2 protein chains.
Amino acid sequence: MSANPTQQQPITAADKVFLQLQQAIVEGQIAAGSKISEPELAKRYDVSRATLRDAISRLEKCHLVERQANVGARVVNCTVEGLLDLYITREALEGMACRQAAEKMSDEEIVDMKAMLEQHAKAKALQDGIAYYQEEGDLDFHYKVILGSHNQQLINILCGQLYHLLRMYRCQFGMNSPRASKAFDEHSRIIDAIADRDGELAEILMRRHIAASRKNIENKIALMDAELEQSEQAQPQLMQQQAN
Amino acid sequence: MSANPTQQQPITAADKVFLQLQQAIVEGQIAAGSKISEPELAKRYDVSRATLRDAISRLEKCHLVERQANVGARVVNCTVEGLLDLYITREALEGMACRQAAEKMSDEEIVDMKAMLEQHAKAKALQDGIAYYQEEGDLDFHYKVILGSHNQQLINILCGQLYHLLRMYRCQFGMNSPRASKAFDEHSRIIDAIADRDGELAEILMRRHIAASRKNIENKIALMDAELEQSEQAQPQLMQQQAN
DNA sequence: CTGCATCAAATTGTCGACAATAATACTTTA
DNA sequence: TAAAGTATTATTGTCGACAATTTGATGCAG
């Protein structure tokens with residue numbers, strides 16, 4: 001499952017470095033908020049600074065790093081606000097993508113997607129509620145809907161940019177989203193709406209689906225904050241500190 | 001009115017070249033679909049190929065050019081499908097931005113926006129229905145709503161990327177959108193909804209507003225196609241085919 | 001004449017070095 | 001001692017040159 005489906009396999013050195021850096025950032029091996037040192041990483045990946053710069057430039061495109069003139073690039077910070085902003089944006093974009101998918105998906109694509117859901121159902125039956133389905137399967141489902149919109153703008157923004165940020169947040173915040181069974185039912189109904197060519201309903205369901213995830217996260221965060229406050233009542237000290 | 005409001009003034013050479021190229025592309029001085037020759041433009045703007053490359057990379061970020069490994073960069077093609085895709089994406093994003101704006105805008109921001117609309121009303125009274133209002137004023141209005149969402153994702157995507165593409169399409173297709181008076185009323189009602197803190201209504205109105213523009217364009221296109229077909233009735237040819 | 005293989009020219013990817021700017025360490029002074 | 005200014009260091013921005021790949025042109029076979 002590649003990031004950008006409309007592009008052939010990467011070949012250039014900058015591509016490799018980009019993919020490695022992307023993975024390292026998403027998985028947290030390069031800390032969120034930390035500075036990107038061009039000379040250091042150029043040595044580590046054994047490439048020139050020019051190609052590393054090109055790789056960084058592409059990281060900027062997925063909003064994984066931010067650059068400032070004459071200062072350098074930093075990995076984006078994972079804040080709660082940023083995560084909620086991301087989900088709100090997803091709600092808007094994927095909702096519309098879902099509406100478009102209901103209008104533009106070919107019958108064959110719909111059959112494929114139903115088959116995929118069947119497979120998810122089996123996997124779910126085997127190891128009930130465990131991570132695998134949610135981590136890969138959920139993304140696969142959303143991915144297929146987005147592609148089904150046949151809207152290049154939506155596809156670029158969602159698959160090319162937000163997708164990676166979302167993965168980063170999921171890794172950093174350790175979200176294995178225990179909504180598996182609920183999510184599965186929701187996916188199922190969304191597909192039904194698409195198959196019925198009911199764009200309006202499809203959009204509503206997708207928006208609810210993502211909004212439910214967001215609210216789930218909000219609740220979790222609120223809970224964590226409460227615990228944190230409680231445990232810090234005795235020893236009021238360390239907030240998380242900025243890397244570097 | 002700068003492209004990215006959250007960034008200080010550009011200083012580096014690559015910034016200047018980027019801005020010049022951006023303008024040249026948006027205004028059509030560099031033809032849509034044409035190839036970007038690195039050596040040629042490097043000479044024309046009197047910079048190294050490295051800095052020109054950096055500028056191109058930023059053009060990629062606003063989706064004004066597309067690059068292919070070992071082949072080069074091309075200015076994006078302005079197709080009818082692309083324009084409609086863009087409007088559909090705007091409908092989703094700005095609709096949500098409007099909903100968020102209704103929830104998060106400060107009272108002061110709302111007062112400012114109302115004042116701006118007043119000014120537009122005067123300009124409109126002076127030279128009724130002429131281009132100026134639509135070209136600058138419309139964008140200003142949408143801009144303020146987007147910023148009002150206080151959602152960095154929405155702001156980045158809309159102001160940093162889609163905004164420039166939209167300007168490009170407007171230039172290339174010569175759209176001075178004669179919907180001025182209608183648009184003004186719609187703007188007015190949207191602001192009212194925001195002032196009432198009615199996010200749901202605000203989103204609906206913004207979506208209708210953009211959808212109306214899109215339908216207006218669709219009609220225009222259909223009309224043009226009809227004329228074209230009539231003039232080509234003597235020499236019947238093939239329909240255009242989907243690329244890739 | 002058409003189609004394919006080979007070759008030449010141009011363009012892009014990559015590199016190392018220099019210049020300009022920012023960050024850090026040090027010295028000086030109140 | 002603290003603060004400010006200066007000097008040093010490190011990092012980023014920019015440049016020109018070389019290597020790898022693509023494009024097109026040329027020549028040859030069918």
Side-chain angles (χ1 to χ4, degrees), chain A residues 3-4 6-22 24-25 30-31 33-61 63-77 241-244, chain B residues 3-4 6-22 24-25 30-31 33-61 63-77 243-244:
Chain A
N4 195 339
T6 64
Q7 196 172 326
Q8 61 269 36
Q9 79 285 0
I11 26 180
T12 156
D15 281 319
K16 292 183 207 162
V17 176
F18 163 66
L19 290 175
Q20 291 186 64
L21 277 177
Q22 181 177 247
I25 290 175
I30 298 179
S34 64
K35 189 171 181 320
I36 300 265
S37 169
E38 291 183 6
E40 180 192 330
L41 290 184
K43 253 181 280 180
R44 177 183 307 191
Y45 290 100
D46 196 45
V47 292
S48 156
R49 255 188 65 224
T51 80
L52 184 108
R53 208 160 229 276
D54 201 58
I56 291 179
S57 154
R58 295 188 212 182
L59 291 173
E60 260 190 294
K61 271 176 227 149
H63 297 257
L64 289 176
V65 309
E66 289 169 351
R67 216 163 78 179
Q68 205 172 345
N70 289 316
V71 172
R74 303 190 80 88
V75 180
V76 294
N77 265 318
Q241 54 195 359
Q242 190 75 330
N244 195 340
Chain B
N4 195 338
T6 64
Q7 195 172 329
Q8 63 268 34
Q9 79 284 1
I11 28 179
T12 156
D15 281 318
K16 294 182 206 164
V17 176
F18 163 65
L19 289 176
Q20 292 185 62
L21 277 176
Q22 181 177 248
I25 290 175
I30 298 179
S34 64
K35 191 173 180 318
I36 301 266
S37 169
E38 292 183 6
E40 181 191 331
L41 290 183
K43 253 181 279 180
R44 178 183 306 192
Y45 291 100
D46 196 44
V47 292
S48 157
R49 254 187 67 223
T51 81
L52 185 111
R53 207 160 230 275
D54 201 57
I56 292 179
S57 158
R58 296 188 211 181
L59 291 172
E60 260 189 296
K61 272 177 225 150
H63 296 254
L64 288 176
V65 310
E66 288 169 350
R67 217 164 78 182
Q68 207 172 345
N70 289 316
V71 173
R74 303 191 79 89
V75 180
V76 293
N77 265 318
N244 196 337

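Quick note on labels: first sequence line is chain A, next is B, and so on, each numbered from 1. Fair warning: this is a prediction, and the values are worked out from it, not measured in the lab.
The side chain to side chain contact (heavy atoms under 4.5 Å, CB included) test with B:Val17 is passed by exactly one of B:Leu52, B:Asp54, B:Leu59: B:Leu52.
At a threshold of 4.0 angstrom between heavy atoms, the contacts of A:Ile36 are confined to the sugar-phosphate backbone, with no base atom among them.
Of the candidates D:dT11, D:dC15, C:dC15, the closest approach to any side-chain atom of A:Lys35 belongs to D:dT11. Listed candidates were C:dC15, D:dC15, C:dT12. Nearest to the side chain of B:Pro39 is C:dT12. Closest to the side chain of B:Ala13, out of D:dT14, D:dA17, C:dC15, is D:dT14.
A:Leu64 is not listed as a side-chain neighbour of A:Val75, based on a closest heavy-atom distance of 4.5 Å or more. With contacts defined as side-chain heavy-atom distances shorter than 4.5 Å, the pair A:Ile11/B:Asn70 qualifies.
Here the P atom of nucleotide D:dA20 and the CD1 atom of A:Ile11 are 14 Å apart, to the nearest Å. B:Glu40 places its CD atom 13 Å from the C1' atom of C:dA10, with the value rounded to the nearest Å. Rounded to whole Å, atom P of C:dT12 lies 13 Å from atom CD of B:Glu60. As a whole-Å value, the separation of A:Asn70 CG from D:dT12 P is 10 Å. Regarding B:Tyr45, its OH atom lies at a distance of 15 Å from the P atom of D:dC15, rounded to whole Å. Separating the CG atom of A:Asp54 from the P atom of C:dT12 is a distance of 13 Å, rounded to the nearest angstrom. The nearest whole Å value for the distance from the NZ atom in B:Lys43 to the P atom in D:dC15 is 15 Å. Distance CZ (B:Arg74) to C1' (C:dT11): 13 Å, rounded to an integer number of Å.
Around NZ of B:Lys35, the count of heavy atoms belonging to other residues, nucleotides or ligands within 6.0 Å exceeds 12.
Remark on DNA chain C: of its neighbouring residues B:Glu38 and A:Arg49, the 5'-side contact belongs to B:Glu38, judged by nearest-heavy-atom nucleotide. Projected onto DNA chain C by closest heavy-atom contact, A:Ala50 and B:Ala73 fall at different nucleotides, the more 5' of which corresponds to B:Ala73. Looking at which nucleotide of DNA chain D each of A:Val71 and B:Leu52 is closest to, the 5′-most match is held by A:Val71.
A sub-4.0 Å separation between OP1 or OP2 of D:dT14 and a side-chain N or O of B:Thr12 is present. For C:dC15, the OP1/OP2 oxygens have a side-chain nitrogen or oxygen of A:Thr51 closer than 4.0 Å.
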Check against side chain to side chain contact (heavy atoms under 4.5 Å, CB included), A:Glu66 and A:Arg74: CA-CA 5 Å; A:Glu66 289 169 351; A:Arg74 303 190 80 88; 5.7 Å; no
